[in-house]
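The structure appears right after this line, and notes come after that.
Chain identifiers are assigned alphabetically (A, B, ...) following the order of the sequence lines, protein sequences preceding nucleic acid strands; residue numbering begins at 1 within each chain.
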Amino acid sequence: MAKTVLLIEDEVNIIEALSFILSRDGWDVVTHSNGHDANEVITRREPDLVVLDVMLPGKSGFDILRDLRRDPRHQNRPVLMLTARGQSKDRDMAEQLGVSKFMTKPFSNADVRDAVNELLSG
Amino acid sequence: MSVGDQVGARIREKRVQLRIRQSQLAKIVGVSPSYLNLIEHNRRRIGGKLLTDLAEALSIDVDLLSEDGKSSKVARLEEVAHYHKVDMQAESARELATRFPAWSGFLIELDRNVRSLEAKIDALSDRLSHDPQLATSLHEVITTVTAIRATSSILSDSDDIDPMWQMRFQRNISEDSLRLAEEAQALVDYLDADEIEARAGTPYEEVEAFLHENDYHFEMIETETPDLDDILNISAIRSTAGRLLARNFLETYQMDATALSLTSLMDDLPIQTGLSQLAQKHHCTIPQMMRRLACLPKETVGREFGMVSMDVTGSILFRKQIDGFHMPRFGSACAYWPIFQALQMPMRLLEDVVIHTGREGGTFHTYSYCEAIQDSIGSPPRLVAHMLFHPHTQEVAQATLVGATCRVCAIATCPSRREPSILDEEL
């Protein structure tokens, strides 16, 4: 059975593009586009990987990650974080909160595919 | 003999310097040697064509002969040297302007450009650090670029895409590129270098532009009790938040003007006594007196006052800048401003002398005071601090060095530095 990738991103065309390339690689992609109930969706879906945008309506990606790591069910769940803000302080914060991998927009499709492959094959 | 009468002496000085005989020069400009002699001994005033002819004959800028002997070009050169902290002897500016007029002009123009760029760097640095609108705009641009990059890569890297998906992605790219063009244009407009200092971006800047336009003074409120909306309606403030902030300012202005009318204050103008005595005499609070002095015209008060107010978090609620005392638009002001001491000692008026180390800088006398406002019974007091300041012209034995904000401060060894200064970075 294909592993599941939950893509949490609010930009529709990025959702479509990433869903397309990851589905074509054989992953089962589900999407969600707001922050405020993202943690509930993760708990319900139990994805093998969460691809998480930082700037989301309702709740930031950092807050979602923080809550995720406090929950024993999600402490080891792989999270790939995407952000348009490449400052080192954002990267530092993500790492402190326990992110598995951090990517800065605009990323290449190849980099995303490689990151997803790496996180799901581990 | 008035200063203006020195024109003749300068003509003589230049002629002697060029080793031209008086009779020779007189012949060149078409006057008799005796008349030129009178001119050179400052016994005849000259101007117009004769002055121009003499300047031409002596190969000297006419400005250097006229006015007070210090042409606008020489004055500007001296100012350039002072601004850039170049140790230039008094006569060398004149010599530079005389011997190399084109280079002098170039130097002055260069200085103008440097100052303009410095002002823009200050404004942009402030914005990049603190402006939520700019951060949001940049985020939108990067997000749209990401969408276009991801989608166009799919189209270019794959030959076997379903026609339906192909159409969909093409439509997405078309939509995103249109959006990107709009976002980029909005960003360019926002950062427009020509307007960055004058244009109001955030509501706070809108209000500041409005206050600046009115020189912080509202004559109508001084003499009557107008409907504040009438004032706001003719202003250029468009945002709801901007109108709210401006209304708050005008309401406070109105209350202050009622408590301390200009007529009652006139007897004490120009200001001679201390701030505390003045407030006591007029039965008003110290912050009221500070605001009144900051908002009345310089000609009325007798000197120019600047002012800044902030809450306990250090957020700037109000600022009126004056030359030499640069302040950041948003928070993160210099930790050595006396206003921060006042915040630690509410209800005490502190007087200090500070040297602002900014580019133009200067020495300033400051009055700082923190009021504790009780909004409702039982609620903790809300602290709001104010600092009123004016240029200090007397010699001082000791003064505190301050800056505007760490990002544009040149005091490298400051123990309170929060971040590196961009003045140290290679831009």
Side-chain angles (χ1 to χ4, degrees), chain A residues 5 7-27 29 31 33-35 51-62 80-94 102-117, chain B residues 124-125 127-184 186-187 332 406-407 418-420 422 425:
Chain A
V5 176
L7 172 59
I8 306 175
E9 161 70 63
D10 62 330
E11 177 53 44
V12 180
N13 293 350
I14 293 180
I15 293 176
E16 279 201 352
L18 291 185
S19 299
F20 182 86
I21 57 165
L22 295 177
S23 300
R24 208 170 50 171
D25 280 353
W27 310 117
V29 182
T31 64
S33 59
N34 70 64
V51 178
L52 181 63
D53 187 22
V54 170
M55 300 274 276
L56 288 165
K59 189 174 177 182
S60 83
F62 290 129
L80 167 61
M81 199 161 227
L82 310 174
T83 177
R85 304 195 315 170
Q87 291 106 321
S88 57
K89 64 180 180 183
D90 281 6
R91 187 180 290 270
D92 291 347
M93 183 185 277
F102 182 91
M103 291 185 76
T104 307
K105 293 178 181 176
F107 40 72
S108 75
N109 290 355
D111 287 345
V112 176
R113 291 172 63 197
D114 287 350
V116 170
N117 277 328
Chain B
L124 280 172
S125 167
R127 285 215 167 133
L128 287 169
S129 306
H130 304 287
D131 188 343
Q133 191 177 329
L134 183 62
T136 306
S137 297
L138 285 171
H139 178 262
E140 282 169 1
V141 167
I142 293 171
T143 300
T144 311
V145 166
T146 305
I148 292 174
R149 186 176 183 193
T151 313
S152 58
S153 291
I154 295 170
L155 289 174
S156 63
D157 298 346
S158 322
D159 303 325
D160 56 342
I161 304 175
D162 182 283
M164 188 201 78
W165 276 105
Q166 212 166 28
M167 276 179 59
R168 194 159 168 170
F169 285 143
Q170 281 166 349
R171 188 201 60 206
N172 287 356
I173 289 176
S174 169
E175 282 173 7
D176 282 337
S177 54
L178 192 64
R179 192 155 58 114
L180 181 63
E182 286 168 2
E183 287 163 356
L187 199 56
S332 313
C406 293
R407 275 187 77 76
R418 292 179 292 255
E419 59 179 324
I422 58 168
E425 295 168 10

Enumerate, by atom name, each donor-acceptor pair separated by under 3.5 Å where one atom lies in chain A and the other in chain B.
residue  : atom : partner  : partner atom : Å
A:Glu11  : OE1  : B:Arg179 : NH1          : 3.4
A:Glu11  : OE1  : B:Arg179 : NH2          : 3.4
A:Glu11  : OE2  : B:Arg179 : NH2          : 2.6
A:Asn13  : ND2  : B:Asp176 : OD1          : 3.1
A:Asn13  : ND2  : B:Asp176 : OD2          : 3.0
A:Glu16  : OE1  : B:Arg168 : NE           : 3.3
A:Glu16  : OE1  : B:Asn172 : ND2          : 2.7
A:Glu16  : OE2  : B:Arg168 : NE           : 2.9
A:Glu16  : OE2  : B:Arg168 : NH2          : 2.6
A:Arg24  : NH1  : B:Ser158 : OG           : 2.9
A:Arg24  : NH2  : B:Ser158 : OG           : 3.2
A:Pro106 : O    : B:Arg149 : NH1          : 3.0
A:Asn109 : ND2  : B:Ala150 : O            : 2.8

Applying a strict 4.5 Å limit to non-hydrogen atoms, the region of A:Phe107 in contact with chain B is both
One option among A:Val12, A:Ile14, A:Leu82 has the most heavy-atom pairs under 4.5 Å with chain B, and it is A:Ile14
Whatever's closer than 4.5 Å to a heavy atom in chain A on B:Ile161 counts as side chain
